[in-house]
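The block underneath contains the structure these notes are about, expressed in structure tokens.
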Amino acid sequence: MLSFKKKYYLILLSPLLIAPITLFIGRYPVSFPLSDPERFVLMNIRLPRILLCMMTGAGLSVAGASLQSTLRNPLASPYILGVSQGAAFGAALAMVVLPYSMYLLPISAFIFAFLAITFTCLIARIHGEFSTVTVILSGVIVAGIFTALLSIVKLFSDPYRLSGIVFWMMGGFYRAYWDDILIAAPGFIVGILVLFSIRWRLNVLSMGNEEAKILGVNVKRDTMLVIFFSALICASVISVVGIVAWIGLIIPQIVRGMLGADNRHILPASAAFGAGFLLIVDTICRTLYTFEIPISIITTLIAAPYFVYLLRKIGGSWR
Amino acid sequence: MISIENLHFTYDTRDRFGLYDINLEFRAGEIVALLGPNGSGKTTLLKCLYGAIKLDTGAIYLNGKNLLKFKSSELARHLGGVPQSHIPSFPFKSIDVVVMGRTPHTGIFSSPSEKDYENAREIFKELEIPELTERPYTHISGGERQLVFVARALMQDPKVLLLDEPTAHLDIKNRVKVLRAIKRIAEKNKITVVMSVHDPNEAILFSSKILLLKDGKIQDYGPTEEVIRQETLRELYDTDFSILIEKNRKIVVYNI
């Protein structure tokens with residue numbers, strides 16, 4: 001049995017061990033010394049893809065862990081707050097209605113992802129207070145609304161674009177260029193920095209509103225802070241790569257199972273584990289078959305059985 | 001220390017548990033027990049004191065300053081508290097929960113120091129629960145958890161300790177443990193304690209003053225010896241009481 005420290009540092013290092021290996025795995029064989037096309041493949045196709053993939057895995061996992069702590073709900077995730085559905089609607093709108101542009105799609109997805117979280121918070125705020133239940137319920141409402149709006153867009157799109165929407169909603173890193181990283185990076189970096197620097201405060205918030213208040217926390221402000229920056233991260237990566245299911249939900253659960261509850265360790269470990277995990281999944285997606293498999297298919301097929309195992313093991317009490 | 005003037009409060013949705021015309025003063029170093037039947041407003045009064053609810057009218061002053069004027073962290077450096085119920089969250093180690101008591105002394109971007117952890121271990125020893133230190137607080141008994149929360153409130157280093165039925169789920173051994181420790185620490189550090197209890201005998205053992213609440217109003221407030229009387233208790237609980245005297249101490253017995 002590994003000691004806590006060894007486990008913790010092993011998790012932190014894992015993506016650095018995985019990344020160099022995946023760089024040399026792919027349908028286009030690469031060997032030293034590098035030829036010009038090989039260098040192009042590494043530098044402009046695989047490297048940005050690996051970086052974007054790690055950002056997505058880390059970002060969604062950190063946002064998931066933070067939301068779960070703050071809302072005291074182990075099932076909280078970007079999905080629950082309607083962020084994913086908002087982004088999906090924004091992306092579909094860009095594909096069907098707006099003129100084609102490489103930048104318009106992620107920007108539109110980002111705007112609607114943020115609009116969704118804003119609605120969720122506005123609806124959830126009753127008498128100036130947020131409660132776990134109202135946040136989750138209003139997330140369900142907002143997700144429902146954006147799913148309906150998405151259906152309208154689908155209804156009016158031609159079959160060719162419809163398949164584009166469907167493919168986007170399954171997520172993937174197939175169009176990862178340096179430009180995409182530039183779009184996702186600012187929100188990702190700011191969000192991660194803020195959440196990392198308040199990660200001990202997340203512990204206190206997870207004690208519940210009343211107790212956090214007794215302990216001197218400005219609960220309303222801090223809850224808003226966490227929701228805002230989690231949403232910022234999610235919207236930033238989802239708007240570029242599409243919907244990546246289950247990562248924000250499952251990674252914090254796995255990491256908590258290994259390291260306990262303290263967010264001082266859970267946040268960095270979730271970031272590392274999420275990055276490494278998604279990198280492996282993406283490598284499977286792009287090498288398993290002659291065409292690329294959308295990433296959410298594989299993440300769901302891996303995560304769902306794990307969730308079943310978790311459910312059987314702890315009998316539905318997530319604590 | 002704390003004075004309450006013309007406090008009036010009712011919940012929007014319920015007409016029970018309100019508070020009406022409360023005028024009170026708690027002095028420094030006093031240990032006050034709140035007694036009263038269920039729904040008499042004990043918890044509501046404690047919530048008002050730690051600023052969790054907005055008063056309809058009236059005001060509460062801490063050292064002459066209105067509670068509303070305090071920043072939440074500043075207030076938590078003066079008032080430590082243990083709420084009545086807690087829904088367990090994630091499996092934090094007990095010591096991590098106790099160290100959360102340092103929140104009002106710790107900025108939002110920082111976390112507690114090694115020294116805070118040392119102090120927390122001292123408090124575990126003082127409460128005679130060192131064996132709980134490393135155990136997840138979700139996997140200890142309700143009574144033990146209550147002790148952990150008392151330890152957390154003490155970590156706040158408060159001038160006033162507000163405890164809502166801290167002995168509710170404890171067996172007699174643990175009751176004595178908690179009460180003894182709180183009393184010792186309160187007397188040593190001149191902490192004012194306001195604590196709701198259900199057992200008048202506990203109030204007699206523990207407190208210097210007793211506040212009787214019924215239907216959201218003050219029925220009586222004064223030194224323990226004076227307040228505990230057969231008629232007042234009968235009126236308070238609508239129950240038949242006898243009071244025995246053993247070794248100069250009043251013992252309250254109720255009859256079925």
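Within every chain, numbering begins at 1; the chains are lettered A, B, ... in the order of the sequence lines, protein sequences first and strands thereafter.
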Atom CD1 in A:Ile214, atom NZ in B:Lys47: separation rounded to 0.5 Å? 9.0 Å
Please name all residues satisfying ring-ring contact (aromatic ring centres under 6.0 Å, His included) with B:Phe149, sequence neighbours left out, ordered by chain then number. B:His86
Looking at B:Gly80, B:Pro104, B:Gly107, which makes the most heavy-atom pairs under 4.5 Å with chain A? B:Pro104
Between B:Ser111 and A:Trp200, is there a donor-acceptor pair closer than 3.5 Å when you use the side chain of the first and the backbone of the second? no
Spacing of B:Ser89 atom OG and A:Leu71 atom CG [to the nearest 0.5 Å]: 12.5 Å
With a 4.5 Å cut-off on heavy-atom pairs, point out which of B:Ile108, B:Val97, B:Leu79, B:Val82 contacts chain A the most. B:Ile108
Answer yes or no: does atom CZ of A:Phe4 have more than 12 heavy-atom neighbours from other residues, nucleotides or ligands under 6.0 Å? yes
With only heavy atoms counted, which part of B:Pro136 is less than 4.5 Å from chain A, the side chain, the backbone, both or neither? neither
Chain B interface, residue from A:Asn203, A:Asp262, A:Asp222 that has the most non-hydrogen pairs under 4.5 Å: A:Asn203
Heavy-atom pair count under 4.5 Å with chain B, highest-scoring of A:Glu210, A:Lys213, A:Glu211: A:Glu211
Trace of the side-chain contact (heavy atoms from CB on, under 4.5 Å) decision for A:Met207 with B:Phe92: CA-CA 10 Å; A:Met207 289 282 114; B:Phe92 292 103; 3.7 Å; yes
Treating A:Arg72 as the side-chain partner and B:Ile87 as the backbone partner, does any N or O pair qualify as donor plus acceptor under 3.5 Å? yes
Donor-acceptor contacts under 3.5 Å from residues 64-72 of chain B side chains, at least two apart:
unit_1  : atom_1 : unit_2  : atom_2 : d
B:Lys65 : NZ     : B:Glu74 : OE2    : 3.3
B:Asn66 : OD1    : B:Leu68 : N      : 3.0

Could you tell me the separation between the CG atom of A:Asn263 and the CZ atom of B:Phe90, rounded to the nearest 0.5 Å? 7.5 Å
Leading residue by heavy atom contact count with chain B [cutoff under 4.5 Å; candidates A:Ile198, A:Leu215, A:Val204]: A:Leu215
Could you tell me which portion of B:Arg152 (side chain, backbone, both or neither) has an atom closer than 4.5 angstrom to a non-hydrogen atom of chain A? side chain
A:Arg264 vs B:Asp96, test: side-chain contact (heavy atoms from CB on, under 4.5 Å). Steps then yes/no. CA-CA 11 Å; A:Arg264 278 176 292 180; B:Asp96 288 330; 3.8 Å; yes
Side chain, backbone, both or neither: which part of B:Leu75 has an atom under 4.5 Å from a heavy atom of chain A? neither
